[in-house]
Each structure stands twice: as structure tokens, then as C-alpha cells.
*Asks:* 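What follows is a structure written as C-alpha cells; I'll ask about it next.
In listed order, ligands and their atoms are each counted from 1. Owing to the predicted nature of the structure, the values given are computational and were not obtained by experimental measurement.
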Amino acid sequence: MKGLVFDIRSFSVHDGPGIRTTVFLKGCALRCSWCHNPESQRCMVETARKFRRFGTEVSETTETLGTFLEASAILKRFEADRPFFEESNGGITLSGGEPLLQPAFTLFLLKASKELGIHTAIDTSGYASTEIFKNIIQAADLVLYDLKLADDYQHQHYTGQSNQLILENLRYLKSIQKRFFIRIPLIPDVTDTQKNLEGLYEIIEELNEVERIDILPFHHLGKTKYERMGKIFDFQQMGPYNSAKSEQIKSFFLPLAKTVSIGG
Ligand code: SF4
């Protein structure tokens with residue numbers, strides 16, 4: 001079985017517990033205006049310009065974004081990284097893009113990893129039909145669940161999709177007592193407004209205590225990717241996120257979870 005992947009990273013420490021190998025699947029139904037992985041959004045092979053410097057000379061080539069990979073090749077990589085998982089209580093994480101957009105491939109990787117005794121996590125926006133969501137989630141040990149905007153109109157405006165399905169799927173996660181962490185991207189004047197933070201607070205409070213909330217301050221590492229892909233980035237001029245504000249927001253969410261961390 002093959003899936004469309006745009007990156008695989010070993011030794012990741014921000015995608016769940018311990019040291020992890022993260023597979024980034026290509027394709028996402030959302031179009032978050034701050035997305036730092038623009039190459040993750042379209043479920044197709046794309047190209048970008050790539051520049052190489054030799055002293056003062058600059059040459060340009062084309063980079064291919066996305067490869068159809070056999071699940072067996074990915075599982076081999078997981079096996080090779082297994083000693084690091086065992087040392088650190090880590091495992092594998094399927095991320096994106098949106099892994100739920102390639103449901104058969106995602107489910108296969110989760111099940112096969114579990115059969116190998118490897119801990120599995122899925123990093124998702126939660127935007128998928130309830131049927132697909134339920135089917136895949138049951139095969140993962142941990143769900144990293146992104147929450148962005150509480151107000152549906154704002155959610156549609158900044159991500160291109162409604163948050164209704166996302167909130168339904170979040171409540172389902174809680175109802176089946178699946179282990180999950182909430183992840184909140186802090187985007188200046190978009191998700192970090194007082195109104196939105198209070199809205200997210202209410203949503204999480206209704207879940208009646210969660211294990212962990214990770215707040216993820218905006219960074220502009222995706223900036224050059226937009227340029228290379230010929231796309232416009234709405235946050236082109238934005239600098240690094242204010243660390244004092246991250247700390248304030250962390251304190252704000254502390255009553256809701258056993259752990260609240262900055263940066264995952
Ligand atoms: S959900 Fe994630 S991958 Fe998809 S557009 Fe938003 S930030 Fe990018």
C-alpha cells in the first residue's frame with residue numbers, strides 16, 4: 001500500500017512523548033492562513049524552486065514536494081529507529097497535512113506499528129467525517145488534537161472550514177476516554193485574542209479536565225517555503241512570538257489540565 005508523504009523526521013521531541021519518528025502526510029482540507037507547512041496542503045506531488053549557493057554564485061533547481069511511499073518502507077524506518085523509542089518511551093507520530101485525509105494508509109501504518117509493539121500517535125486537526133475519525137482513532141495510542149478558533153465564523157474565515165465537526169470529534173474523543181493532548185497554535189491577533197482564548201477555555205472546560213495542553217507560539221519558519229512555492233504568506237512580516245505573552249497564556253490555561261506546556 002502506498003501513501004503520499006512529504007517528509008519523515010527521526011528524533012522528533014515535539015510530536016508526543018519521548019523520541020519519535022514523525023511521518024508527514026501530504027494533503028489537508030483546511031487552509032490555515034498561518035500554516036508553516038504550505039507544502040503539506042495539497043494532496044498531490046508539487047514542485048518548488050530551490051536555490052544553491054556556491055560562494056557568490058547562486059544556482060536554481062527544482063525540488064519535488066511529496067513522494068508516494070510504500071508502507072513497508074516506512075515500517076522499516078520505524079524498526080530502524082526502534083532502539084530510540086525504547087530508550088525514551090517514544091514511538092511514531094503520523095502528522096501532516098492531515099493524516100485522516102489518507103485514511104486507509106494511516107490506519108494501516110497505525111495497526112502495523114502496533115503489531116510491532118511501537119507506541120503510536122496521530123496529530124490531527126480533527127476535520128474528518130465522524131465515521132473516518134472513529135475508525136482511525138481507535139487504532140492510535142495517543143491523539144494530538146489541534147484547537148484553533150472557538151467561533152465558527154472566525155474558524156471558517158481563517159482556515160476555510162467550519163469547526164463544528166472538529167468540536168464534535170473532540171467530544172467523542174473524551175467520551176471514549178481515548179488519551180489525547182490539546183494543541184493550540186498562538187497566532188498574533190487571530191487565535192491569541194482574549195475573546196478566542198476565553199472561547200477555547202470554555203470548550204476545554206466542558207471536557208472536564210484534560211491531561212495536557214500544548215500551546216504552540218507562532219514561528220515563521222515556513223516563510224521561505226511560501227516564497228519558493230510562489231505563494232503569498234499573510235504573516236510574511238511577523239517576527240517571533242512574544243515569550244512573555246506565551247507565559248501569560250500558559251498560566252491562563254493551567255486550571256484546565258494536569259500539564260500545560262509551551263511548544264509541545
Ligand atoms: S491544519 Fe495544519 S497542515 Fe492543515 S492548513 Fe492548518 S496548519 Fe496547515
*Asks:* Do you see a donor-acceptor pair shorter than 3.5 Å between the side chains of Asp192 and Tyr241?
*Replies:* yes
*Asks:* Evaluate whether atom CD1 of Ile176 has more than 12 neighbouring non-hydrogen atoms of other residues, nucleotides or ligands under 6.0 angstrom away.
*Replies:*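 Yes, because the 6.0 Å sphere around CD1 of Ile176 holds more than 12 heavy atoms from other groups.
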*Asks:* Quiz question for you: does at least one protein heavy atom lie closer than 4.0 Å to atom 2 (Fe) of ligand 1?
*Replies:*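 For atom 2 (Fe) of ligand 1 the answer is no, since every protein heavy atom stays at 4.0 Å or beyond.
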*Asks:* Would you be so kind as to tabulate the donor-acceptor pairs closer than 3.5 Å made by side chains of residues 117-124, with sequence neighbours excluded?
*Replies:*
unit_1	atom_1	unit_2	atom_2	d
His119	ND1	Arg20	NH1	3.4
His119	ND1	Arg20	NH2	2.9
Thr120	OG1	Asp141	N	3.1
Thr120	OG1	Asp141	OD2	3.3
Asp123	OD2	Ser95	OG	3.1
Thr124	OG1	Glu98	OE1	3.1
Thr124	OG1	Glu98	OE2	2.9
Thr124	OG1	Gly126	N	2.8

*Asks:* Mind checking whether Phe24 and Phe6 have ring centres under 6.0 Å apart?
*Replies:*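 Between Phe24 and Phe6, the centre distance is under 6.0 Å.
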*Asks:* Please tabulate, one pair per line, all N/O donor-acceptor pairs under 3.5 Å involving side-chain atoms of residues 31-39, not counting sequence neighbours.
*Replies:*
unit_1	atom_1	unit_2	atom_2	d
Arg31	NH1	Cys28	O	2.6
Asn37	OD1	Lys225	NZ	2.6
Glu39	OE2	Lys225	NZ	3.1

*Asks:* Can you sort out the partners of Arg171 under salt bridge (charged side-chain N to carboxylate O under 4.0 Å, His left out), two or more places apart, ordered by chain and number?
*Replies:*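 Per chain and number, Arg171 pairs via salt bridge (charged side-chain N to carboxylate O under 4.0 Å, His left out) with no residue.
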*Asks:* Take atom 8 (Fe) of ligand 1 and tell me which protein N, O or S atoms are nearer than 2.8 Å.
*Replies:*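 Protein N/O/S atoms under 2.8 Å of atom 8 (Fe) of ligand 1: Cys35 SG.
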